[in-house]
Amino acid sequence: MKITILSLFPMMIEPFFKSSIMRRAVEKGIVSYRIIDFREFADDAYNRVDDIPYGGGAGMVLMPQPLSKALESVSARGKRVVYPTPSGRLFDQKKAYELAAEEELVFICGHYEGLDQRIIDEYVDDEISIGDYVLTSGETATLVIIDAVFRLIDGVIAKDSLEEESFSSCLLEYPQYTRPARYCSSCVPDVLLSGHHAHITEWRDDQRLARTMHVRPDLLSGASLSPRMRRKLIKVIEEKRTEDLENGHYQGN
Ligand code: SAM
């Protein structure tokens with residue numbers, strides 16, 4: 001996959017491509033990247049890329065001309081252009097898989113109050129928010145999206161690691177343990193030391209279900225559950241209803 005990033009702060013991005021799993025993906029030729037400092041496309045002698053908003057209001061807006069020239073310089077038309085912004089659609093694993101299927105992605109890192117709307121209208125395919133909060137700049141949001149996307153490309157990470165991860169089937173992951181079996185006064189659950197694969201799988205399924213129910217019950221409606229897990233889920237829901245009834249919290253349904 002080719003990744004192009006338009007940024008005013010390339011030094012925030014460069015280290016990511018030179019570290020850890022991304023560095024290996026770049027070395028193997030699975031990912032290639034270029035970072036374009038769009039200040040270099042500024043029109044005036046002061047290299048200005050932002051101006052006050054029409055209609056008044058706080059902050060500055062990124063001007064259309066430098067961004068447009070930068071986008072044309074990388075032939076962005078016809079490529080998938082992503083603008084991370086708090087007013088975009090919420091990013092999730094499904095979107096990560098969708099972007100991972102692209103040959104090439106172009107990211108625009110916003111700043112200040114964001115981009116002139118005409119750049120969004122003209123070039124942007126996906127406006128993506130990484131969460132309901134506001135960051136100072138688009139570089140960190142861009143890296144979050146790239147990180148979630150590139151690890152799904154064939155050859156970056158072992159396939160079985162991806163299959164059991166959180167969100168892979170709308171369930172969160174089970175708890176993980178490694179050696180030593182006893183750490184301080186805390187022990188690894190016996191089942192994981194038993195060598196009994198069927199029991200380990202059942203325990204992990206139960207943990208995934210319990211954790212998802214507790215932390216992210218909203219995910220369960222899309223979860224693909226085995227018949228055993230479905231029975232377990234119904235049982236837990238019934239137990240919870242009974243408990244709520246006993247505590248006077250019953251709300252219907
Ligand atoms: N005025 C904008 C608003 O209220 O929606 C906020 C602009 S923010 C200070 C500057 C830049 O950071 C944005 O243009 C965007 O690129 C990035 N950014 C901030 N929060 C983000 C989020 N939750 N998701 C994705 N990008 C974000």
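Positions are given from 1 along the sequence.
- Taking the six-membered ring for Trp and thresholds of 30 and 60 degrees, F150 and F16 have ring planes more than 60 degrees apart, a perpendicular arrangement.
- By the 4.5 Å heavy-atom criterion applied to side chains, Y33 and T4 are not counted as neighbours.
- Using a distance-only test at 3.5 Å, with no hydrogens or angles considered, no donor-acceptor pair links the side chain of D147 to the main chain of L143.
- Salt bridge status for K232 with E202: absent, with no side-chain N to carboxylate O gap under 4.0 Å.
- Comment: K2 does not engage E102 in a salt bridge, judged by the lack of any side-chain N to carboxylate O separation of less than 4.0 angstrom.
- Listed by chain and number, the residues in a side chain to side chain contact (heavy atoms under 4.5 Å, CB included) with S169 are L171, R208, S224 (sequence neighbours excluded).
- Shown are K79, K95, R89; of these, the salt bridge (charged side-chain N to carboxylate O under 4.0 Å, His left out) with D126 is made only by K95.
- Put simply, the side chain of I5 reaches to within 4.5 Å of the side chain of I146, judged on heavy atoms.
- Between E14 and K18 there is a salt bridge, with a side-chain nitrogen of the basic residue lying less than 4.0 Å from a carboxylate oxygen of the acidic one.
- Note that OG1 of T140 and CD1 of I13 are 9.5 Å apart. Values are rounded to the nearest 0.5 Å.
- Side chain of S20 to main chain of M22: no donor-acceptor pair is present (N/O by atom type, distance under 3.5 Å, no hydrogens or angles).
- Clustering ILVMFWY residues whenever any of their side-chain heavy atoms sit less than 4.5 angstrom apart, transitively, puts M63 in a cluster other than the one holding Y123.
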